[in-house]
Amino acid sequence: LGGQLVAGHGEGAEGSLEMLAGLASRGGGWGVSGPGYRPGSERGGQYTGGLAIGFLGHSAPEPVSTALDPLSTFSLEVDRASYTHARSLLMSGQLPPPQEVRPEEFANAFAHLGDPQQPLALATHPQGGRRAVLAVTVATQRDERPPVDLVLAIDVSGSMAGDKLELAKETAQALLSQLDEDDTVWALTTSSSRGTGPLSPHSPDLAAWIGALQAYGGSPLGRTMATGVRAANPERDPERLLHLVLISDGHANSEWANLDRGVHSSLPEGAGLTLVGVGQAFSQETMEAIALSGAGSTWFVGDTSDAQDLAQAFPSLLVPVEDPKVQVEFEPDVVSTWRLIGYGNRGLSDGESQGQSVMGGSLGQGSTAVALYELELTGHRGQVATARWRGDGVERDLGAVHSRERMRWSRAPESLRVQLTAATLAEVLSRPEAQQDPLLALLPTWTEGPHELDTLVDQVRRIEPVEIHAAEALP
């Protein structure tokens with residue numbers, strides 16, 4: 001997991017977070033992907049470069065030669081924390097940390113614009129040449145769900161004092177508004193292993209308990225959530241769902257190690273996990289270390305609007321799709337190279353077998369996710385690619401796309417244009433000296449009319465580069 005993730009979290013944190021990454025691991029491999037992944041332990045393997053850059057490094061990978069490797073396989077996700085957090089920072093005049101920028105999450109912030117009836121869309125790249133863009137859209141159906149037992153853990157440590165705790169309360173109430181009367185809630189704080197429940201999600205007592213929370217103490221998160229899991233599901237009713245929600249700024253002490261020892265051993269197969277970061281200074285690295293390896297998803301709430309957006313998505317998160325994976329096969333005669341934009345920590349390796357522990361995706365019923373590929377075409381006509389996806393153990397074809405279906409960029413669906421613009425902005429932000437990147441002048445021309453992405457691009461260009469002189473550099 002490396003030093004950048006554990007910096008500032010206290011002695012022994014490296015081993016603690018190493019264990020955290022295995023918390024949500026729930027699935028097996030499927031098929032083949034580009035270079036760079038080496039299967040490993042329950043942490044999900046070790047990344048050595050190429051398509052998978054590492055848990056936290058999301059630099060753009062080099063294009064993959066189709067002749068050498070025509071298959072791309074990865075775990076699908078719908079997380080948007082990277083985009084909403086970056087948007088919040090940019091609007092306040094700050095650049096997001098490059099290592100926390102996720103191109104796939106920027107694109108997925110606009111996945112809902114895609115047409116589920118057209119899972120594959122091919123267009124010329126806006127920069128011309130023989131480059132093309134392929135969008136792969138996966139939309140899942142929302143079925144009637146069983147009742148859910150929700151474990152709600154709210155961080156009340158000292159770092160949550162003030163606006164962050166108030167935003168956490170507002171977020172909790174927004175999520176509870178999406179539950180039904182036959183659902184139950186066990187609510188706890190990270191300052192105590194005691195809480196309240198089981199209660200109706202709309203109980204006045206629960207609302208009063210949330211409203212009375214105050215920030216104090218440390219963050220013994222593992223003990224807290226393990227207690228909640230045991231209380232909510234003492235004998236695990238198979239007819240009910242179990243879902244854990246943590247609302248926190250991610251600034252916890254070394255007792256987060258108990259999260260792996262306490263919760264992982266208690267978390268039943270199929271249980272869902274939603275991690276919600278609050279406040280601009282939230283530790284995205286820490287929250288992702290918990291969710292990255294499987295069923296967990298990470299979200300960011302910076303204001304009331306973000307809380308409402310999460311609440312709208314929450315019902316789909318309650319019924320996770322097991323082990324969602326996508327595989328795209330490119331035709332070497334038509335495609336010279338391919339590059340998956342983002343998903344650098346979700347790539348799967350050659351020959352992975354069913355049941356191996358790899359970093360699974362996060363996708364729920366009623367969700368839409370998108371993946372974008374940058375292609376270099378050979379100039380020959382023919383079938384460009386076929387795609388399929390698998391979830392809940394069922395494989396589904398997404399169809400095939402032919403070179404004759406390639407659209408001019410000016411006629412490409414607005415969904416594809418917005419998604420590529422968002423993902424490319426993320427790649428710009430992940431590079432040093434983003435403000436000087438020539439792509440910033442081009443991005444506003446890629447979409448039709450005014451768009452919130454135009455505002456973000458303008459914000460990037462307005463932010464003055466920060467120079468750190470030798471005398472000011474940290475030792």
Student: Can a salt bridge be assigned to the pair D155 and K164 using a cut-off of 4.0 Å between side-chain N and carboxylate O?
Tutor: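 A salt bridge is absent here (no side-chain N lies under 4.0 Å from a carboxylate O).
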Student: For the pair D180 (side chain) and D182 (backbone), establish whether a donor and an acceptor sit closer than 3.5 Å, ignoring hydrogens and angles.
Tutor: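 Absent.
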Student: Without hydrogens or angle criteria, can the side chains of T140 and S367 be said to hold a donor-acceptor pair below 3.5 Å?
Tutor: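 Looking only at side-chain atoms, S367 and T140 do not form any donor-acceptor pair under 3.5 Å.
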Student: Tell me if a side-chain donor or acceptor on Q435 pairs with a main-chain N or O of V460 at a distance below 3.5 Å.
Tutor: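 No.
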Student: Please verify the inter-ring angle class for H125 with W446; under 30° counts as parallel, over 60° as perpendicular, anything in between as tilted.
Tutor: perpendicular
Student: With rounding to the nearest 0.5 angstrom, report the CG to OG1 distance, D306 to T171.
Tutor: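 Here the rounded value is 8.5 Å.
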Student: Should R431 and D437 count as an ion pair when the cut-off is N to O under 4.0 Å?
Tutor: yes
Student: Look only at the side chain of S88 and the backbone of T84, and say whether a donor-acceptor pair between them is shorter than 3.5 Å.
Tutor: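 Not at all, since once roles are kept as given, no pair shorter than 3.5 Å links the two residues.
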Student: For Q214, I'd like to know if atom CD has over 12 heavy atoms of other residues, nucleotides or ligands within 6.0 Å.
Tutor: no
Student: State whether the side chain of E105 and the backbone N or O of S82 hold a donor-acceptor pair below 3.5 Å, judged by distance alone.
Tutor: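 Side chain of E105 to backbone of S82: a pair is present.
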Student: Just checking, is any N or O donor in the side chain of T304 or E170 under 3.5 Å from an acceptor N or O on the other one?
Tutor: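 Per modelled atom types, T304 and E170 side chains form a pair under 3.5 Å.
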Student: Charged N to carboxylate O under 4.0 angstrom, R240 versus D183?
Tutor: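 No salt bridge links R240 with D183.
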Student: Distance-only, no hydrogens or angles: does the R102 side chain make a donor-acceptor pair with backbone N or O of Q99 under 3.5 Å?
Tutor: yes
Student: Ignoring hydrogens and geometry beyond distance, is a side-chain donor-acceptor pair present between Q178 and Q312 at under 3.5 Å?
Tutor: no
Student: State plainly whether the residues E62 and R339 are in salt-bridge range, i.e. N to O under 4.0 Å.
Tutor: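 Salt bridge between E62 and R339, a charged N being under 4.0 Å from a carboxylate O: no.
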Student: Within a reach of under 6.0 Å around CD of E181, are more than 12 heavy atoms found that belong to other residues, nucleotides or ligands?
Tutor: yes
Student: For F300 and Y83, run ring-ring contact (aromatic ring centres under 6.0 Å, His included): C-alpha distance rounded to whole Å, both residues' side-chain angles, the deciding distance at 0.1 Å, then the answer.
Tutor: CA-CA 9 Å; F300 170 76; Y83 176 75; over 10 Å; no
